[in-house]
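A quick write-up on the structure given underneath.
Each chain gets a letter, A, B and so on, in the order the sequences are listed, and its residues count up from 1.
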Amino acid sequence: MSQFIVRSGPFTHAPTSVRATMGLVLVALLPATAFNLWLFGWPALFMFLATLIFCLLAEAGCLILAKKPLMPSLGDGSVALTGWLLAMSLPPWAPWWICLLGAIFAVVLAKHLFGGLGQNVFNPAMVGRVALLVSFPLQMTAFVSARPLGSAAAPGFGQSLGMIFGHTPWPDQVSAASALGYVKTELSRGVPVTQSMHHLPDLMDMALGLHPGSFGETSALLLLLGGLLLLARRVITWHIPTAVMGSLFVLATLFHAVDPGRYAGGLFHLLSGATFLGAFFIATDYVTSPVTKKGQLVYGCGVGGLTWLIRTFAGYPEGMAFAVLLMNALTPIIDHHFRPRAFGRTPQGDPLPLKDRT
Amino acid sequence: MKLFPVRGGVHPDYRKERTAEAAIVALPLPKALYLPLQQHIGAPAEAVVEAGQRVLKGQLLALAGGPVSAPVHAPTSGLVAAIATMTAPHPSGLAQPTIILEPDGREEWAALPPPIPDPFAADPAVIRARVADCGIVGMGGATFPSAVKLALGTEHKLDILLLNGAECEPYLTCDDRLMRERAEAVLDGARIMAHALGAARVVVAIEANKPQALEIMARAAAALADVTVVKVPAQYPMGSERHLVQAITGRETPARKLTADLGVVVHNVATAQAVREAVRFGRPLLSRVVTVSGGAVAHPANVEAPLGALVSDLVDFCGGLTTPPRQVVNGGPMMGQPLPSLAVPVVKGMSGILALTAAETNEQPSEPCIRCGTCVTICPCGLVPVEMAAFIRKEDIDGAARLGVQDCVSCGSCSYICPAHIPLVHFFNYAKGRLAEKAREARRTDRVRQLVEVHNTRLDKLAAARAAQAAAVEAARAEAAKATGATGQGGAS
Amino acid sequence: MLIAVGSMALMGGVLGGVLGLASRYLAVKENPLEQELQSLLPGANCAQCGYVGCGQAAAALARGEAPVTLCPPGGKAVAERLARKLGVKADLSGQVDKEPEFALIDEDLCIGCTRCIRECTADAILGAPKQMHTVLLDNCHGCAKCFKVCPTEAIKMCKVPVTLSEWHWDSPQAHSGRLH
Amino acid sequence: MMPQRPVVHALILGIFCLVFGVILATTDLFTHDTIKLRAVEDLQNSLTLVIPASIHDNNPVSDAVVIKDGGRDVTVYRAMKGGTVTGAAYAIEGSGYGGPITLMLGVDPEGKILGVRATAFHETPGLGDRIDAAKSDWITRFTGLWLGHPPADKWKVKKDGGVFDQFAGATITPRGVVAAVKNGLEFFARHKADILEGRR
Amino acid sequence: MSSGYAKIFKDGLWENNGVLCQMLGMCPTMAMTTSATNGLGMGLATLFVMASSNLLIASLRNYITPQVRIPVFILIIAAMVTLVDMTMNAYMHELYKVLGLFIPLIVSNCLPLGRAEVFAAKEPVLPSFCDGLAMGLGFTAALTVIGAMREITGSGTLFADASLLLGPAFKVMELRLLPPGDGVLMAVLPPGGFLATGLLLAVKRMIDIRAGKPISMAGAHAVT
Amino acid sequence: MQNYVLLMVGAALVNNVVLVRFLGLCSFMGVTTKVDTATGMGMATTFVLTVSSVLTWALETFLLVPNDLTYLRTVTFILVIAAVVQFTEMVVKKISPALFQTLGIYLPLITTNCSVLGIPLLNVEQHHNFMQSMLYGFASALGFSLILVVFAGLRERLALAEVPRLFAGPPIAFITASLLALAFMGFSGISTN
Ligand SMILES: Cc1cc2nc3c(=O)[nH]c(=O)nc-3n(C[C@H](O)[C@H](O)[C@H](O)COP(=O)(O)O)c2cc1C
Ligand SMILES: Cc1cc2nc3c(=O)[nH]c(=O)nc-3n(C[C@H](O)[C@H](O)[C@H](O)COP(=O)(O)O)c2cc1C
Ligand SMILES: Cc1cc2nc3c(=O)[nH]c(=O)nc-3n(C[C@H](O)[C@H](O)[C@H](O)COP(=O)(O)O)c2cc1C
Ligand SMILES: Cc1cc2nc3c(=O)[nH]c(=O)nc-3n(C[C@H](O)[C@H](O)[C@H](O)CO)c2cc1C
Ligand code: SF4
Ligand code: SF4
Ligand code: SF4
Ligand code: SF4
Ligand code: FES
């Protein structure tokens with residue numbers, strides 16, 4: 001009794017915790033992760049584990065330097081989630097040093113220099129990915145076509161270990177461009193979108209995840225499944241995912257209708273790249289997104305719109321990570337402008353006028 | 001009746017089933033009663049009895065200390081053992097003046113004011129005076145002197161007396177039981193208050209999780225044309241005055257205005273019953289129904305306890321504690337206040353005594369805010385708890401005030417829901433306290449400045465007067481000297 | 001060459017003239033202290049002090065709202081100059097807020113000399129010559145002037161007690177509730 | 001402070017401007033020609049990189065012709081030995097990742113490349129800047145090629161189905177350079193007669 | 001008085017360093033530090049301009065009215081910069097080809113103007129000259145260090161092309177620390193400039209804390 | 001028309017003055033502790049940059065180029081800009097104290113901001129005509145204002161965060177700017193011509 005009397009109420013609390021929230025997100029990521037582990041084989045597993053472990057180590061190191069207790073922060077699942085999402089946004093066969101640098105960018109630079117959990121203004125996993133992409137464009141765009149575990153083409157355990165941690169070269173002919181990258185390259189040499197589309201997996205394969213891309217982003221359907229779980233458990237609300245995908249889809253469809261040779265269609269944009277991963281798991285990061293629902297809608301539309309803009313016009317084929325970071329930067333301003341209206345006050349904060357009662 | 005949506009709010013685990021079926025039982029008279037002089041918002045009452053004096057049940061012990069204050073009466077007959085300072089049933093644990101009464105067990109009534117025969121024909125002022133004399137304060141928790149609130153009708157045109165039977169706090173069932181067991185009395189009291197206020201209608205709002213109360217009250221109201229019983233959704237904090245008014249009328253009380261400005265006055269059901277006792281029988285407020293509950297209490301119950309009984313008396317009456325509680329709370333778990341110990345008395349606003357176990361409080365060390373935004377979504381006042389707390393954490397109280405921390409009703413929803421277990425309400429209470437302190441300080445400085453000015457002008461005047469006097473004396477002396485000089489010589493002494 | 005020099009000189013002359021004219025006909029009265037302070041500031045107008053440029057910084061200094069150590073480009077030297085100008089010590093960190101106090105007269109010791117009454121600027125002391133004095137708590141602002149003049153040390157300065165209605169929760173970060 | 005008349009400020013600023021105007025103008029007087037000369041030297045230096053000294057005995061800068069191509073004027077510096085044109089050099093522009101890339105292209109009278117150098121560009125260090133001869137020998141691999149070798153439809157980077165290496169992780173820069181060089185050769189082919197005969 | 005000059009230099013190099021404490025002249029600090037050599041070159045050019053403009057301003061300060069003070073100071077600085085630009089172009093052409101790009105930008109660098117206002121406009125000639133020198137040296141040092149940080153991590157070299165700036169004798173300074181193509185490209189791109197400066201500020205603060213100095217947080221108080 | 005739009009997008013986003021061109025960084029660091037200040041500074045800079053782009057275009061076209069005085073470019077540009085800004089400040093201060101409080105107080109800060117010289121010089125380098133110069137100045141300033149406000153928002157949040165002592169204040173501001181620049185790299189490669 002002595003410990004808590006120094007606190008004012010309430011004296012009952014909902015059975016929620018940071019750990020439970022993060023745990024649910026991890027569970028929601030499981031289906032897509034498992035599928036892609038199968039799809040991309042042993043090297044992907046090593047890459048995934050390496051990223052996760054490096055992130056945990058980086059967190060531990062920072063906590064020690066900051067003289068903070070290790071366990072609550074390491075155990076609450078937030079850094080595991082950062083590492084997990086970082087791994088999901090890396091090429092499936094990225095070498096260990098990419099994982100290490102990514103962990104440092106994400107956990108040290110983007111999170112702990114700002115003071116740790118909850119204090120950061122940019123999404124750590126996306127900072128990790130973008131810093132890597134900008135620094136190592138070559139390695140970060142080296143995707144592989146699917147070679148399911150157990151299939152003849154899949155690299156073996158030892159070979160995979162060598163590929164991720166040593167200098168074992170990749171098997172021949174595995175390197176492939178992502179759908180967005182392919183369309184962009186073709187466009188840059190004058191091949192219209194309508195034509196390059198024929199060389200891409202069909203939409204069903206795209207939805208299932210049978211196409212080259214980052215480790216965790218390919219399977220739209222399984223990501224959707226995880227997203228629905230989060231929605232059902234109220235970890236996230238519909239606002240951000242809907243706004244992200246809606247704005248992306250609407251913009252892409254409109255422009256596609258105007259000039260199909262120049263602009264890819266709405267469905268293609270939804271199913272390629274990190275649209276589902278981003279909409280459900282990344283743009284929704286609590287820490288770096290607005291806290292109000294209206295703000296979240298604006299933020300989501302911004303992410304979707306910028307993703308389309310960057311994919312369509314800028315130098316990089318994929319724009320989700322940049323869009324998320326750009327909107328992260330706008331989040332304080334959005335929060336400032338979309339504060340809810342206080343009870344009994346006008347949106348400007350003055351008391352409501354008293355209506356004449358008759 | 002059409003209801004209007006209310007924004008935000010939470011659905012805590014209500015745990016009302018533990019006492020919902022426990023009929024109100026009276027507490028046997030304890031060995032001593034401890035009656036604090038401050039059981040209400042406003043100035044403390046002033047004792048009018050002395051140690052050693054014998055008093056009768058219902059006799060005035062302390063007089064209201066100002067226009068916003070309430071008197072205290074003897075809940076039973078007995079001897080005033082002492083007037084001493086004693087720990088208040090207040091989180092501060094500060095001591096305050098308390099009248100200690102040793103009952104003699106004779107329950108001898110003092111001469112009570114006469115009943116008002118037909119309250120509905122009486123002048124509202126008469127009813128108000130009676131309510132004031134009987135020491136009735138709001139029993140919904142705010143303990144604001146009810147007579148002051150009944151005077152609202154003099155300046156406002158009122159339509160509705162809204163009888164607050166929401167009882168949205170978990171655990172508490174005292175209002176529920178009161179409505180089920182004394183429905184007629186409650187409604188009678190409410191109609192008296194409506195008359196005093198000049199309000200044409202009485203609307204009784206009861207949360208949907210109290211079906212029996214709803215049914216019984218509706219039945220009791222069936223014969224009364226001016227009373228409507230309304231089922232409001234169980235959504236914490238539906239019982240909050242402004243939110244209830246919004247749910248019933250659809251109108252939002254402007255900030256810094258009263259619901260009376262919308263033509264509605266809200267009173268608690270227990271207040272209504274107390275008003276009836278005062279008006280119909282001249283009985284002052286001597287006891288109240290308290291829900292004694294919580295996982296650590298052996299036999300939770302609804303106890304009608306004389307004011308001044310010790311919390312430990314009630315707990316013992318309910319079988320004592322089975323385990324050491326994590327927290328003993330005065331009121332409900334959401335808005336209640338922690339009690340410094342069990343050795344504090346029951347006061348007029350104490351609706352519940354909860355001895356909660358750790359499992360019930362689910363209190364956990366706080367973690368960093370993850371900006372999940374839930375607190376923003378659920379805040380029924382449309383505030384941004386996460387940001388206000390951030391400002392307060394950096395001791396920027398004015399920043400928090402700009403975000404509207406003073407609009408916070410301390411409902412506790414945000415702290416309840418926060419996954420990081422941040423004591424948000426505590427932050428806001430602290431900030432509100434600091435702001436009030438600053439305002440007091442500013443008023444004080446102003447007053448001192450005025451005093452000093454008065455003092456200085458007085459001194460100046462004094463000095464001027466003295467100078468004038470001196471000058472006059474001087475002049476007189478010169479005059480006199482001249483006169484003596486003119487007459488030749490001689491001493492004017 | 002001629003064009004170069006000529007056009008430069010012309011530009012200079014015109015611009016200088018315009019500025020000169022402006023400074024004469026558009027002059028706005030300014031607080032002389034502000035101007036002096038501004039002349040002590042670097043004039044880099046970098047806004048790192050949190051004010052919009054040195055002019056605003058000087059105004060804030062003059063109002064007493066800004067510490068003399070406000071200016072990073074100016075460094076220690078400017079802080080010292082400002083401190084000298086404003087007559088304050090540069091290091092103000094040691095200052096602590098005094099808790100409010102009030103005077104309490106011990107009636108047993110009071111000899112009714114009325115010295116305290118003469119000192120009190122707030123008329124907070126009641127009493128007449130050779131009679132006991134008491135302090136009106138509401139009026140006393142704790143200046144301790146009376147305390148200093150009392151010949152019998154009958155006056156004590158006491159902390160204002162917290163009342164129930166004035167008490168408030170301490171910050172949850174303070175971790176020091178009044179209770180245990 | 002003494003109130004001053006506007007004319008004082010005018011005079012002060014005017015005099016300062018006058019003085020510094022004189023100083024700068026004088027400096028310009030002394031340095032103007034030298035600076036011009038240095039610019040020419042720079043040009044010559046870049047020309048020697050794309051036209052071997054052994055094939056000419058003239059100063060190509062002074063034997064320049066201006067060719068009208070489309071709406072543009074292109075200055076072509078001609079290398080001559082014994083009065084016959086042995087080579088020509090001119091600036092061409094391509095577009096890279098970081099903006100325009102300026103190149104100097106030297107060809108022999110048959111349209112065979114004598115040398116190419118990038119003279120101004122804003123490509124990313126470590127990626128696109130490998131077109132700089134100081135960073136890699138990529139740009140020197142153009143030497144000896146002509147429009148038919150490789151065939152016109154193979155004047156592309158490998159990624160686009162051509163014969164030229166792209167840089168790892170940077171395709172845009174080489175693509176731009178290859179296209180620019182090809183354009184440069186086509187320009188020569190169009191205006192070969194004019195250039196060789198010195199018509200403008 | 002020697003201690004006075006010692007203080008001027010100590011201020012310029014560390015205590016009140018233009019980049020690390022005053023946070024002025026940030027533009028060249030970001031733009032010209034993709035390599036240590038660039039930083040050094042920009043620093044040296046700025047050093048020259050600052051010393052000479054401080055000298056001129058301090059000697060002429062009594063003839064300048066407040067109304068035209070800023071235009072005159074700017075004029076002096078701009079003239080010095082143009083002078084340097086033209087002279088170097090004509091007579092030190094090789095060096096100019098390396099530095100030429102940076103030189104006009106010195107005018108817009110706010111550090112020279114800052115020093116002109118804070119020091120040269122108020123102090124005698126010789127100290128002003130020393131202040132320009134010291135601040136310039138501090139600026140050069142900061143730019144070189146930031147340049148080195150970015151160059152090492154970004155391109156894996158240190159003082160690449162230093163011989164072009166300083167002469168063939170300095171070829172020995174040119175180091176290669178990582179195999180070509182192994183750098184973290186971000187370091188030489190815009191984000192790297194901010195990052196390196198931020199880290200350097202933190203390092204300076206760490207050293208100051210170790211030395212027991214109070215830490216100053218520019219502008220921090222205004223936000224609370 | 002499309003050209004002008006591209007020019008403006010390029011100046012505001014792709015080649016953002018602060019994050020890519022590295023101009024005006026001292027103001028960027030100085031005035032961004034509060035959103036209100038940043039907004040005011042942004043508006044004032046927009047005014048000055050537009051005006052100075054036009055003025056220097058005139059200076060270049062009618063004085064420097066015809067008389068072969070381009071070596072005086074830097075001197076004359078900065079002189080005119082400085083004087084005009086100072087003059088504007090005096091005028092605003094006199095005629096409208098309200099306007100002075102919202103805009104005027106920022107004017108002295110602008111003279112020491114290198115974007116007011118940098119943008120006109122870029123105008124010359126890119127051979128902009130009158131309309132292009134004006135739009136380029138205007139759009140660059142808009143980009144500057146955008147970044148200023150966004151960054152001020154971020155810094156207001158950082159002021160409430162528990163940043164480690166070693167990084168609190170300027171260091172974390174630079175690191176935040178670094179991540180902002182990283183995010184802006186997403187726009188790189190948008191072709192603006
Ligand atoms: C004239 C008048 C003034 C009132 N002023 C206050 C007040 O200053 N503070 C207060 O808490 N309640 C005041 N009340 C009581 C409120 O109407 C309300 O009953 C009380 O705030 C408790 O409501 P709550 O528990 O929903 O907050 C006042 C009532 C009246 C009639
Ligand atoms: C969050 C909140 C919840 C409340 N819940 C109740 C409630 O359930 N029942 C109730 O009678 N009063 C409740 N109150 C108090 C009412 O606002 C109001 O003060 C009371 O109904 C007035 O009646 P009284 O003056 O008779 O006490 C609540 C107040 C707040 C701020
Ligand atoms: C920071 C950065 C700088 C770049 N610089 C260049 C460059 O200088 N030259 C270039 O061709 N591509 C550059 N790129 C673009 C890509 O590296 C790459 O060229 C583009 O994605 C297409 O190449 P690919 O077909 O080899 O994937 C750069 C990309 C980034 C992230
Ligand atoms: C719904 C949800 C989404 C999240 N998304 C991310 C993410 O995209 N990147 C990340 O680093 N952390 C993410 N986290 C974890 C956590 O918020 C993150 O570690 C903090 O940003 C670190 O301060 C997420 C957490 C939740 C609950
Ligand atoms: S509910 Fe708690 S964790 Fe969520 S935003 Fe509010 S304070 Fe932060
Ligand atoms: S901020 Fe106040 S009103 Fe809002 S939920 Fe929290 S306690 Fe309730
Ligand atoms: S920090 Fe100093 S130089 Fe910068 S504006 Fe403020 S007072 Fe002026
Ligand atoms: S302390 Fe000051 S105000 Fe108080 S009684 Fe003494 S003299 Fe008067
Ligand atoms: S150096 Fe550019 S604004 Fe200071």
Side-chain angles (χ1 to χ4, degrees), chain B residues 36-44 85 87-97 337-341 366 389 392-395 397 410 415 422-438 440-441 443-456 458-459, chain C residues 50 60 64-65 93 95-103 114-129 133-147 149 157-180:
Chain B
L37 293 184
Q38 172 126 48
Q39 305 193 26
H40 50 262
I41 287 186
T85 55
T87 307
H90 188 266
S92 67
L94 288 172
Q96 68 157 328
Q337 300 285 338
L339 282 175
S341 84
S366 56
I392 300 167
R393 209 174 275 126
K394 294 272 169 183
E395 286 292 326
I397 309 290
S410 292
S415 294
I422 295 169
L424 293 161
V425 178
H426 194 144
F427 274 110
F428 307 149
N429 285 345
Y430 164 65
K432 284 187 261 184
R434 281 290 307 278
L435 285 168
E437 195 172 84
K438 274 192 194 172
R440 272 200 307 275
E441 213 104 281
R443 277 200 302 273
R444 194 184 170 81
T445 323
D446 269 359
R447 233 169 64 82
V448 167
R449 194 175 304 130
Q450 272 172 11
L451 284 171
V452 172
E453 258 163 41
V454 168
H455 176 88
N456 288 347
R458 202 190 60 226
L459 284 193
Chain C
E65 286 169 8
S93 54
Q95 212 176 33
V96 274
D97 282 342
K98 210 175 65 154
E99 272 191 49
E101 289 185 330
F102 74 104
T114 75
R115 285 197 201 178
C116 54
I117 296 190
R118 275 175 265 144
E119 280 302 312
C120 184
T121 48
D123 294 340
I125 305 182
L126 290 182
H133 292 79
T134 47
V135 176
L136 286 179
L137 215 152
D138 277 353
N139 287 15
C140 170
H141 55 107
C143 67
K145 280 186 194 158
C146 53
F147 168 75
V149 298
M157 298 307 294
C158 305
K159 295 244 146 48
V160 177
V162 190
T163 66
L164 272 193
S165 47
E166 283 174 1
W167 178 88
H168 67 78
W169 285 101
D170 210 344
S171 163
Q173 287 160 312
H175 285 297
S176 62
R178 286 163 209 264
L179 301 166
H180 302 280

With C/Lys145 via side-chain hydrogen bond (donor to acceptor under 3.5 Å, both in side chains) - residues at least two apart: none
Least distance between heavy atoms, B/Tyr430 atom then C/Ser171 atom: CD1-N, 3.2 Å
Portion of B/Glu395 that has a non-hydrogen atom of chain C nearer than 4.5 angstrom: side chain
All side-chain hydrogen bond (donor to acceptor under 3.5 Å, both in side chains) counterparts of B/Arg393, not counting sequence neighbours: none
Closest-packed option against chain C by number of heavy-atom pairs under 4.5 Å, given B/Gln38, B/Glu437, B/Gln450: B/Glu437
Residue B/Arg458 versus chain C: region with a heavy atom under 4.5 Å: side chain
Residue selection (most heavy-atom pairs with chain C, distance under 4.5 Å) from B/Glu453, B/Lys432, B/Glu441, B/Arg440: B/Arg440
Contacting moiety of B/Ala88, where chain C heavy atoms sit under 4.5 Å: side chain
B/Ile397 side chain reached by B/Ile392 side chain, heavy atoms, under 4.5 Å: yes
Nearest heavy atoms of B/Ser366 and B/Ile422, plus distance in Å: CB-CA, 3.9 Å
